[in-house]
Amino acid sequence: MNPGPGGAAARSTGRPAARPPARLTARGLVRRFGGLAAVDGVDLTAPAGRITALIGPNGAGKSTLFDCLAGTLRPDAGRVLLGGRDVTGLPAHARVRLGMARTFQQIAVFPTLTVTENVRVGAEQRAGGSVRGLLGLPAPGGRQAQQATEHALALLGLSALRERPAAALPTGTLRLLELARALAGGPGVLLLDEPAAGLDTPETERLARVLRGLAAQGMALLLVEHDVELVADLADTVYAMAGGRVVARGPVRAVLADPRVARAWGEAGAP
Ligand code: ADP
Ligand code: MG
């Protein structure tokens with residue numbers, strides 16, 4: 001009924017216009033909080049058409065790195081490149097305009113808006129609709145935003161819930177809603193902070209199917225995830241972080257077998 005990315009919904013005309021394939025790169029990123037280097041010289045690439053995963057114990061610096069990539073935190077040193085473009089100095093909303101989307105570890109949806117309205121916000125953010133709205137200008141590409149919204153709802157299996165206020169929905173559904181909102185902007189690069197947290201098994205399977213489909217369409221995906229099974233199932237390349245640094249990177253099996261990774265987890269306690 002709710003086809004995955006290879007199904008009827010993806011073939012319909014409602015798909016948001018695809019971004020050209022883009023890659024996300026971090027070079028020598030550093031972010032300090034007081035005396036603590038939460039991110040301490042990280043190099044990372046999330047290539048187009050691939051799923052890249054970031055793992056590591058609590059406090060390793062994953063979310064801080066994410067925030068530096070997304071533009072919600074400024075790094076103290078280093079560069080963030082989107083495609084060939086240096087976006088280090090750009091705020092988050094400007095990066096969204098350039099085709100970067102993200103979801104949050106703490107779910108961020110508008111509770112009083114309906115499912116459709118939440119997704120529509122994502123579709124309009126890309127087009128600069130929120131800024132135009134503030135200026136009293138009509139939202140651009142209303143029809144296109146509508147189609148992008150419909151496509152994202154169908155992709156995540158949310159069409160039947162379209163009129164429900166987000167506040168009434170369980171956590172698993174909210175995670176999928178947040179992802180739908182991010183996808184409605186038609187991003188070329190997607191950052192996901194613990195997207196499977198709070199999902200049940202069918203929801204996790206849907207998530208995995210959708211993420212694989214997005215990568216197959218050329219999107220660059222970077223996910224932080226605690227669920228090692230899901231990472232093993234999805235990721236092309238894994239970066240393991242500890243103490244703000246990348247301690248291992250490579251194919252998932254090699255990284256999980258790396259003694260430096262086991263040691264990092266041991267020192268920080270089990271994930
Ligand atoms: P992870 O997502 O891997 O669990 P975080 O990036 O959240 O790790 O945190 C890395 C380190 O930075 C931790 O020691 C954490 O306490 C610290 N930290 C994160 N955010 C802040 C902040 N806003 N202010 C001070 N310290 C922070
Ligand atoms: Mg985190």
Side-chain angles (χ1 to χ4, degrees), residues 24-46 51-80 87-88 91-93 95 100-109 171-172 174-179 181-182 189-199 203-204 207 211 220-232 234-235 237-250 252 255-256 258-271:
L24 181 65
T25 308
R27 287 204 192 130
L29 276 192
V30 175
R31 170 68 203 207
R32 298 186 193 92
F33 294 112
L36 172 84
V39 171
D40 192 10
V42 168
D43 294 307
L44 173 149
T45 300
I51 300 180
T52 306
L54 191 54
I55 62 170
N58 274 328
K62 307 180 297 293
S63 291
T64 303
L65 173 61
F66 240 58
D67 288 338
C68 290
L69 294 172
T72 42
L73 271 182
R74 269 317 144 76
D76 294 302
R79 299 252 153 274
V80 178
V87 298
T88 317
H93 64 83
R95 297 184 199 195
M100 192 190 285
R102 74 169 296 183
T103 63
F104 292 82
Q105 184 173 359
Q106 306 298 330
I107 294 170
V109 297
T171 307
L174 289 176
R175 287 233 173 261
L176 298 180
L177 172 57
E178 223 204 345
L179 179 55
R181 192 203 57 210
V189 173
L190 179 61
L191 306 176
L192 304 135
D193 200 350
E194 304 210 14
L199 298 193
E203 287 167 338
T204 305
L207 173 75
L211 297 186
L221 286 89
L222 177 64
L223 70 140
V224 167
E225 186 48 63
H226 266 302
D227 182 341
V228 172
E229 255 178 67
L230 183 65
V231 168
L234 277 180
T237 303
V238 176
Y239 288 74
M241 276 183 86
R245 298 182 176 208
V246 173
V247 294
R249 67 156 271 218
V252 63
V255 169
L256 293 178
D258 191 313
R260 286 170 298 188
V261 175
R263 205 176 312 131
W265 250 290
E267 283 164 8

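Just so you know, ligand 1 is whichever comes first in the structure, and atom 1 is the first atom listed for that ligand. Just so you know, these numbers come straight off a predicted model, no measurement behind them. All values below were derived from every heavy atom in this structure, side-chain atoms included, with hydrogens, water molecules and symmetry-related copies excluded.
- With sequence neighbours left out, the side-chain contact (heavy atoms from CB on, under 4.5 Å) criterion links A240 to I55, V247, A248, V255, V261.
- For F33, no nitrogen or oxygen atom sits less than 3.5 Å from a nitrogen or oxygen atom of ligand 1, counting backbone and side chain alike.
- In terms of modelled atom types and a separation under 3.5 Å, the side chain of E225 and the main chain of A196 share a donor-acceptor contact.
- Between the side chains of T103 and R181, no donor-acceptor pair is found at a separation under 3.5 Å.
- Using a distance-only test at 3.5 Å, with no hydrogens or angles considered, no donor-acceptor pair links the side chain of D67 to the main chain of T72.
- Checking side-chain atoms of T88 against main-chain N and O of V80 turns up a donor-acceptor pair under 3.5 Å.
- Annotation for L223 and P195: closest pair CD1-CG, 4.2 Å, computed over non-hydrogen atoms.
- Listed by atom number, the atoms of ligand 1 under 4.0 Å from P57 heavy atoms are 3 (O).
- Under the 4.0 Å distance rule, the nearest protein heavy atom to atom 10 (C) of ligand 1 falls inside the cut-off.
- When the heavy atoms of A37, A38, G34, G59 are ranked by distance to atom 1 (P) of ligand 1, first place goes to G59.
- Here the protein heavy atom with the shortest distance to atom 8 (O) of ligand 1 is G61 N, 3.1 Å.
- A donor-acceptor pair under 3.5 Å is absent between the side-chain atoms of R31 and the main chain of A37, judged by distance alone.
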**OP:** For side-chain contact (heavy atoms from CB on, under 4.5 Å), just list the numbers for L192 and V224, CA-CA rounded to whole Å, side-chain angles, deciding distance to a tenth of an Å, and then say yes or no.
**Re:** CA-CA 6 Å; L192 304 135; V224 167; over 6 Å; no
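- The nearest protein atom to atom 7 (O) of ligand 1, hydrogens excluded, is given as S63 CB, 3.8 Å; this is a heavy-atom distance.
- Among V224, L36, D67, the residue whose heavy atom sits closest to atom 14 (O) of ligand 1 is L36.
- Distances from the Mg ion (ligand 2) under 2.8 Å pick out these protein N/O/S atoms: S63 OG, Q105 OE1.
- Within ligand 1, counting atoms from 1 as listed, the ones closer than 4.0 Å to a heavy atom of N58 are 4 (O).
- Residues satisfying the side-chain contact (heavy atoms from CB on, under 4.5 Å) test with A108, not counting sequence neighbours, are F104, E178.
- There is a protein heavy atom closer than 4.0 angstrom to atom 20 (N) of ligand 1.
- By the side-chain contact (heavy atoms from CB on, under 4.5 Å) test, R27 is found to be paired with T25, D43, R79, L81, residues two or more places apart in sequence or in another chain being considered.
- In the vicinity of T64, heavy-atom distances shorter than 4.0 Å reach the ligand 1 atoms 5 (P), 6 (O), 9 (O), 19 (C).
- Residue A60 approaches ligand 1 through these ligand atoms, each under 4.0 Å from one of its heavy atoms: 1 (P), 3 (O), 8 (O).
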